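Only one structure is covered here, and it is reproduced in the block below.
The shown structure was predicted, so the numbers you read here are calculated from the model rather than taken from an experiment. We count residues from 1, following the sequence as given.
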Amino acid sequence: ASTLGAQAAQSGRYFGTAVAAGKLGDGTYSTILDREFTMVTPENEMKWDTTERSRGSFNFAPADQIVSHATAHGQRVRGHTLVWHSQLPSWVSGITDANTLRTVMNNHITTVMNHFKGKVYAWDVVNEAFADGGSGQHRSSVFQNVLGDGFIEQAFRTARSADPSAKLCYNDYNIENWTDAKTQGVYRMVRDFRSRGVPIDCVGFQSHFGSSGPPSSFQTTLANFAALGVDVQITELDIAQASPTAYANAVKACRNVPHCTGITVWGIRDSDSWRSGENPLLFDGSGNKKAAYGSVLSAL
Ligand code: XIL
């Protein structure tokens with residue numbers, strides 16, 4: 001096939017990108033978006049600091065713009081993200097009472113998921129809850145510090161009741177290398193959730209890579225998680241300098257794992273990237289296909 005989305009579809013997968021609502025009016029941007037991609041993730045528009053800037057006051061307008069664009073163009077939507085320590089308003093991070101925070105977290109999850117019911121295929125229910133480095137434990141955050149270890153389970157249970165037909169994912173970075181303590185910590189959590197019936201359907205591997213691309217164990221990591229009974233996805237792929245080989249390696253790791261159901265790159269043109277100084281994407285600033293585009297298309 002001649003586009004990323006159509007090529008991925010030949011093996012039953014999607015190919016997605018992060019989208020910024022403010023760029024939908026840019027013709028170069030939206031032409032590439034609608035030609036190449038079959039899934040979209042709002043880059044910032046579904047984060048807490050946009051959706052509930054003050055308690056109980058919800059703003060869905062920017063995310064709605066992306067969701068309507070996606071619907072109009074036959075693209076599905078990944079919801080990103082409900083519970084995350086970053087891009088979190090200070091009225092939430094300042095809560096010190098557990099009952100208050102539990103109510104606030106559950107209300108946020110329920111209200112946001114209800115608004116997008118039927119329009120969001122999968123939610124990153126919890127994002128980046130594990131610490132970097134060798135601990136394999138949860139990172140410090142208001143949720144961890146006030147609610148304790150159980151906050152992740154609580155978030156997933158609330159999400160399942162809010163929208164039983166949405167896929168519920170845990171999403172994180174630096175969990176691509178199998179032997180890393182962080183990877184093992186997330187793996188133990190998913191194994192525990194599956195064994196106790198805590199609702200979790202998928203694990204997202206952000207995959208923000210340096211110039212050499214994924215670690216050689218990436219495919220093993222994807223396969224080991226999938227063996228727990230969850231789908232896996234590459235959710236925020238970008239690679240410093242976008243080496244064609246590095247991109248092909250990332251794509252092949254997913255392609256070789258039957259339950260790796262899709263790949264999302266974190267932006268369209270290099271100039272759209274949060275790492276724009278590293279030119280990590282598949283299209284240059286003018287919207288031309290880079291060498292990595294061709295290698296991804298062939299590897300899909
Ligand atoms: C980034 C966005 O791309 C930026 O525009 C924003 O300023 C910060 O967040 N992990 C995630 C994404 O889960 O939400 C982050 O997106 C990149 C790292």
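Side chain of Thr17 to backbone of Gly267: a donor-acceptor contact under 3.5 angstrom is found. With hydrogens and angles disregarded, a donor-acceptor distance shorter than 3.5 Å links the side chain of Asn59 to the backbone of Ala61. Distance alone, capped at 3.5 Å, is enough to place a donor-acceptor pair between the Asn114 side chain and the Thr110 backbone.
The two residues Phe116 and Ala63 have their closest heavy-atom pair at CZ-CB, 3.6 Å. Here the shortest heavy-atom pairing between Glu52 and Pro89 reads O-CG, 3.6 Å. Of all non-hydrogen atoms in Arg188 and Gly136, the two that sit nearest each other are NH2-O, 4.1 Å. Nearest heavy-atom pair across Glu45 and Thr50 is O-CG2, 3.5 Å. In terms of heavy-atom proximity, Ser273 sits nearest to Leu281 at CB-CD1, 3.6 Å.
Phe151 and Phe143 have parallel rings, their planes meeting at less than 30° on a 0 to 90° scale where 60° marks the start of perpendicular. Using cut-offs of 30° and 60° for the angle between ring planes, the His73 and His69 rings count as parallel.
Val92 and Val83 fall within the same hydrophobic cluster, where Ile, Leu, Val, Met, Phe, Trp and Tyr residues are linked whenever their side-chain heavy atoms come under 4.5 Å apart, directly or through other members. Under the 4.5 Å side-chain heavy-atom criterion for grouping Ile, Leu, Val, Met, Phe, Trp and Tyr, Tyr173 is not connected to Val232 through any hydrophobic cluster. With hydrophobic clusters built from ILVMFWY side chains whose heavy atoms lie under 4.5 angstrom apart, Ile200 does not share a cluster with Tyr121. Met39 and Val125 sit in two unconnected hydrophobic clusters of ILVMFWY residues. Membership requires side-chain heavy atoms under 4.5 Å apart, directly or through other members.
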What's the verdict on side-chain hydrogen bond (donor to acceptor under 3.5 Å, both in side chains) for Asn288 and Tyr293, showing C-alpha distance, side-chain angles and the deciding distance? CA-CA 10 Å; Asn288 301 307; Tyr293 174 97; over 6 Å; no
Which is it for Ile263 and Leu4 under the side-chain contact (heavy atoms from CB on, under 4.5 Å) test, yes or no, and what are the steps along the way? CA-CA 10 Å; Ile263 298 172; Leu4 300 167; over 6 Å; no
side-chain contact (heavy atoms from CB on, under 4.5 Å) for Val265 and Phe37? Distances and angles first, verdict last. CA-CA 10 Å; Val265 290; Phe37 298 99; 3.8 Å; yes
Test Gln206 against Glu128 for side-chain contact (heavy atoms from CB on, under 4.5 Å), laying out the working first. CA-CA 10 Å; Gln206 291 185 10; Glu128 301 183 353; 3.0 Å; yes
Start with the C-alpha distance between Leu168 and Met113, add both sets of side-chain angles, then the distance that settles side-chain contact (heavy atoms from CB on, under 4.5 Å), and finish with yes or no. CA-CA 11 Å; Leu168 306 182; Met113 288 185 77; 3.9 Å; yes
Checking side-chain hydrogen bond (donor to acceptor under 3.5 Å, both in side chains) for the pair Ser11/Arg13: CA distance, chi angles, key distance, verdict? CA-CA 6 Å; Ser11 68; Arg13 294 179 171 84; 2.8 Å; yes
Tell me, with the steps shown, if Glu176 and Thr221 meet side-chain hydrogen bond (donor to acceptor under 3.5 Å, both in side chains). CA-CA 6 Å; Glu176 294 86 9; Thr221 303; over 6 Å; no
Show, in sequence, the C-alpha distance, side-chain angles and deciding distance for Asp231 and Thr261, and conclude whether the side-chain hydrogen bond (donor to acceptor under 3.5 Å, both in side chains) test is met. CA-CA 7 Å; Asp231 284 339; Thr261 58; 4.6 Å; no
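When each of Trp266, Tyr247, Trp274 is checked for a side chain to side chain donor-acceptor pair (under 3.5 Å) with Asp238, only Trp274 meets the rule. No option in Trp178, Phe225, Tyr187 other than Phe225 meets the ring pair (Phe, Tyr, Trp, His ring centres under 6.0 Å) test with Phe205. The residue from Asp132, Asn177, Asn174 that alone fulfils the side chain to side chain donor-acceptor pair (under 3.5 Å) condition with Lys182 is Asp132.
Residues Tyr170 and Phe193 keep their aromatic ring centres 6.0 Å or farther apart. Taking the six-membered ring where the residue is Trp, the centroids of Phe60 and His115 are separated by under 6.0 Å.
Taken from OH in Tyr14 to CZ in Arg78, the straight-line distance is 4.5 Å, to the nearest 0.5 Å. Rounding to the nearest 0.5 angstrom, the gap separating the CD1 atom in Ile234 from the SG atom in Cys254 is 5.0 Å. Distance CG/Asp34 to OG1/Thr3: 11.5 Å, rounded to 0.5 Å. Residue Arg196 holds its CZ atom at 4.0 Å from CD of Glu153, rounded to the nearest 0.5 Å. The CG atom of Leu282 lies 9.0 Å from the CD atom of Glu36; values are rounded to the nearest 0.5 Å. Met46 contributes atom CE, which lies 10.5 Å from atom NE2 of His80 (distance to the nearest 0.5 angstrom).
Arg269 has a carboxylate O that lies under 4.0 Å from a charged side-chain N of Asp26, or vice versa, which qualifies the two as a salt bridge. Residues Lys23 and Asp272 are paired through a salt bridge, judged by an N-O separation under 4.0 Å between the basic side chain and the carboxylate. Taking 4.0 Å as the cut-off between side-chain N and carboxylate O, Lys47 and Asp124 do not count as a salt-bridged pair.
Pro199 places a side-chain heavy atom less than 4.5 Å from the side chain of Arg157.
When the ring-ring contact (aromatic ring centres under 6.0 Å, His included) test is applied to His259, no partner is found at least two apart in sequence or on another chain.
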